[in-house]
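See below for the structure under consideration.
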Amino acid sequence: MNDTIVAISTALGVGAISIVRLSGKDAISIVNNCFKGKDLTKVESHTINYGFIKDNDEIIDEVLVSIMRAPKTYTTEDIVEINCHGGIIATNRILETMLNNGARLAEPGEFTKRAFLNGRIDLVESESVMDIIESKTNDARRLAISTLQGNITKLIQDYRKTLKDLLSQIEVNIDYPEYYDIEVVTKDNIKSSIEVLKKDLDKLIKESNNVMPIKQGIKTIILGKPNVGKSSILNKLLNEDKAIVTNIAGTTRDIVEGEINLDGIIINIIDTAGIRSTNDVVESIGVEKSLSLIKDADLVIVVLNNNEKLSKDDKEILEKTKNKERIIVINKVDLDSKINLPKDIENVVYTSTIKEEGIEELKEKIKELFNIEKIKSKDYTYLSNTRQISLAKKALKEIKQAETALNKNMPVDIIEIDLNECFNTLGEIIGETYSDEIIDNLFKNFCVGK
């Protein structure tokens with residue numbers, strides 16, 4: 001953290017401008033050594049300065065240089081942003097010049113990591129920065145912005161304050177054990193506070209799980225035996241000819257992927273190889289891959305042929321997906337019906353890709369199954385990733401353990417252990433407590449220049 005880092009902060013390629021960013025105590029002096037124009041060490045903070053970047057006597061590019069002095073910057077360190085002409089050669093030459101003059105190439109996410117380590121933003125706000133960059137819908141962006149504004153941080157801090165107050169009361173009880181009434185009051189306060197906190201945490205976890213499709217989308221696979229119309233349904237959902245469609249069984253041998261935006265929720269769709277017994281080595285590998293995708297899918301669309309009775313392969317597919325969220329699509333309803341569908345099958349949609357019937361009904365069924373209308377609310381104060389939710393679940397478990405100890409009339413210093421664990425776990429969510437390994441792992445997935 002004592003050195004000065006540099007990275008290209010814009011997409012590398014042909015464009016109007018590129019930005020090379022530096023952060024650190026020597027950022028201004030390093031750029032000034034390569035700048036033809038004003039003395040950047042003497043200009044005011046948060047100003048833009050016209051000039052040229054040079055390498056010795058060679059002019060590399062005409063630039064605008066933004067000077068931002070600590071501590072009112074993204075990283076709380078001195079930051080310089082060099083706005084040059086877009087293009088691979090000019091941008092890389094400027095980066096190379098900065099490196100030759102003493103800067104170090106930034107690691108992925110190191111600018112945001114410094115912002116976190118220097119206390120400008122907390123851990124959930126750091127994660128939301130990348131969420132904004134990666135958001136594919138307005139609702140995903142709103143969720144990330146809400147987190148960046150500190151809404152979830154304030155909520156977690158409120159929970160921790162409740163626990164801190166309880167722990168303070170317990171300490172008084174331990175310091176003055178001769179006063180029986182203090183212990184009674186302490187246990188009464190603990191009980192009521194635990195009940196409220198347990199309820200709030202449980203609600204937060206459930207609602208956060210419900211809104212995860214806003215950020216991550218819904219992983220959907222289309223399963224069925226060959227020639228039932230899986231690829232045709234994929235093409236109709238995507239409104240493009242993504243998958244090859246023929247009347248030859250086994251045409252699709254590997255997965256074909258696409259995505260649609262369904263009322264602000266991304267549906268990630270995978271068309272799979274037809275499920276059947278086959279001696280074809282390549283097709284057999286495709287079938288195995290198709291079946292392996294069931295486990296991680298959020299939704300399985302099982303496609304059956306309206307013009308045929310259920311085969312052994314159909315029944316195997318229905319059995320393997322019975323415990324998954326699924327929609328049964330009876331395709332080819334333009335043909336005579338011969339299918340013998342079990343009476344207990346739910347969520348059935350009838351389609352004909354030839355006549356273009358039933359695709360809108362399929363989309364509506366997806367919206368219905370995942371409560372898409374309900375999860376799109378004005379309140380975006382939710383945990384936004386698996387790390388945060390898993391820690392919240394751990395905190396809930398610890399608060400329940402404290403409740404169990406209380407109900408068994410255990411001494412308050414025993415109850416204190418679980419409350420302390422919960423306090424620390426909630427701190428991990430926002431980064432009040434953390435390990436270097438966790439921080440390094442979190443930021444390595446960021447863009448290099450962010």
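Within 6.0 Å of the CG atom in N407, the count of heavy atoms belonging to other residues, nucleotides or ligands exceeds 12. In this structure, K393 places its NZ atom where only 12 or fewer heavy-atom neighbours from other residues, nucleotides or ligands lie under 6.0 Å away. For K38, the NZ atom counts as loosely surrounded, since its 6.0 Å shell holds 12 or fewer non-hydrogen atoms of other residues, nucleotides or ligands. Remark: D344 CG is packed, more than 12 non-hydrogen atoms of other residues, nucleotides or ligands lying under 6.0 Å away. The neighbour count for K363 NZ, taken as heavy atoms of other residues, nucleotides or ligands under 6.0 Å away, is above 12. Within a 6.0 Å radius of CD1 in I89, no more than 12 heavy atoms belonging to other residues, nucleotides or ligands are found. Counted within 6.0 Å of CD1 on I345, heavy atoms from surrounding residues, nucleotides or ligands total more than 12; the atom is thus considered enclosed.
At distances below 3.5 Å, at least one donor-acceptor pair connects side-chain atoms of R160 with backbone N or O atoms of F423. With hydrogens and angles ignored, the 3.5 Å screen pairs no side-chain donor or acceptor of S146 with any backbone N or O of R142. Side chain of S208 to main chain of L383: a donor-acceptor pair is present (N/O by atom type, distance under 3.5 Å, no hydrogens or angles). In terms of modelled atom types and a separation under 3.5 Å, the side chain of N385 and the main chain of R387 share a donor-acceptor contact. A donor-acceptor pair under 3.5 Å is absent between the side-chain atoms of D61 and the main chain of V63, judged by distance alone. A donor-acceptor pair is defined here as one N or O able to donate and one able to accept, closer than 3.5 Å; no such pair exists between the side chain of K365 and the backbone of I327. Judged purely by atom type and a 3.5 angstrom limit, T321 has no side-chain atom pairing as donor or acceptor with the backbone of K324.
The CG atom of L299 sits 5.0 Å away from the CD1 atom of I301 when rounded to the nearest 0.5 Å. We find the CZ-CD distance between F370 and E325 to be 5.0 Å, quoted to the nearest 0.5 Å. Here CG of L391 is found 10.0 Å from CD1 of I205. Values are rounded to the nearest 0.5 Å. Rounding to the nearest 0.5 Å gives a distance of 6.0 Å between CG of L426 and CG of L201. To the nearest 0.5 Å, the span separating CD1 on I60 from SG on C84 amounts to 9.5 Å. The structure places CZ of F35 at 5.0 Å from CG of L40, a figure rounded to the nearest 0.5 Å.
The pair K322-E319 counts as a salt bridge, with a side-chain nitrogen and a carboxylate oxygen less than 4.0 angstrom apart. Of the charged side-chain nitrogens involved, none lies within less than 4.0 Å of a carboxylate oxygen, so that D78 and R114 do not count as a salt-bridged pair. Ionic pairing of K400 and E403 is not present here: no N-O contact between side-chain nitrogen and carboxylate oxygen is shorter than 4.0 angstrom. Looking at K161 and D165, a side-chain N of the basic residue comes within less than 4.0 Å of a carboxylate O on the acidic one, giving a salt bridge. Between K113 and E110, none of the side-chain N atoms (NZ, or NE/NH1/NH2) sits under 4.0 Å from a carboxylate O, so this pair counts as no salt bridge. Note on K199 versus E195: no salt bridge recorded, every NZ/NE/NH1/NH2 to OD/OE distance being 4.0 Å or above.
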Discussion item. Assess the residue pair D202 and K198 against the criterion (salt bridge (charged side-chain N to carboxylate O under 4.0 Å, His left out)); give the C-alpha distance rounded to whole Å, side-chain angles, the decisive distance to 0.1 Å, and a yes or no.
Written reply: CA-CA 6 Å; D202 187 59; K198 184 179 72 170; over 6 Å; no

Practice prompt. Test side chain to side chain contact (heavy atoms under 4.5 Å, CB included) on L419 and I399 and set out the steps.
Written response: CA-CA 6 Å; L419 295 179; I399 206 71; 3.7 Å; yes

Discussion item. Evaluate I67 against V80 for side chain to side chain contact (heavy atoms under 4.5 Å, CB included), listing each step before the verdict.
Written reply: CA-CA 5 Å; I67 300 293; V80 180; 3.9 Å; yes

Discussion item. For a side chain to side chain contact (heavy atoms under 4.5 Å, CB included) check, start with the C-alpha distance between I28 and V43, then their side-chain angles and the critical distance, and finish with the verdict.
Written reply: CA-CA 10 Å; I28 297 174; V43 301; over 6 Å; no

Practice prompt. Under the side chain to side chain contact (heavy atoms under 4.5 Å, CB included) rule, what do I270 and K219 come out as? Steps first, then yes or no, please.
Written response: CA-CA 8 Å; I270 300 174; K219 187 175 181 180; 4.2 Å; yes

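Proximity of I152 to T381: side-chain heavy atoms (C-beta onward) are separated by under 4.5 Å at one or more points. Side-chain atoms of S66 and N83, non-hydrogen and from C-beta on, do get closer than 4.5 Å to each other. The closest side-chain heavy-atom distance from L304 to I317 is not below 4.5 Å. Proximity of I359 to L237: side-chain heavy atoms (C-beta onward) are separated by under 4.5 Å at one or more points. Between M212 and I389, the closest side-chain pair of non-hydrogen atoms falls below 4.5 Å. Between K203 and D200 the shortest side-chain heavy-atom distance does not fall below 4.5 Å. For the pair T112/I121, a side-chain contact is recorded, criterion being any heavy-atom separation below 4.5 Å from C-beta on. You'll find the side chain of E432 stays beyond 4.5 Å of the side chain of D122, heavy atoms only.
No hydrogens or angles considered: nothing links the side chains of T147 and Y382 as a donor-acceptor pair under 3.5 Å. T41 and N32 share no donor-acceptor pair across their side chains, judged by distance under 3.5 Å alone. With 3.5 Å as the limit, one finds a donor-acceptor pair spanning the side chains of Q388 and E127.
Heavy-atom minimum distance, T73 versus R69: CG2-O, 3.3 Å. Contact between T425 and E398 at its shortest, heavy atoms only, is OG1-OE1, 2.9 Å. Minimum heavy-atom separation, A392 to I429: N-CD1, 3.9 Å. The shortest heavy-atom contact between I30 and G102 is CD1-C, 3.8 Å. Minimum heavy-atom separation, G358 to V349: O-CG1, 3.7 Å. Listed here is the closest heavy atom pair of D271 and S231: OD2-OG, 2.6 Å.
Each side-chain hydrogen bond (donor to acceptor under 3.5 Å, both in side chains) pair with one or both residues in residues 4-21, not counting sequence neighbours, appears once here: S18-T91, R21-E81.
Among residues two or more places apart in sequence or in another chain, the salt bridge (charged side-chain N to carboxylate O under 4.0 Å, His left out) test is passed with E346 by none.
Checking I82, I19, I88, N92 one by one against I8, the side chain to side chain contact (heavy atoms under 4.5 Å, CB included) holds for a single residue, N92.
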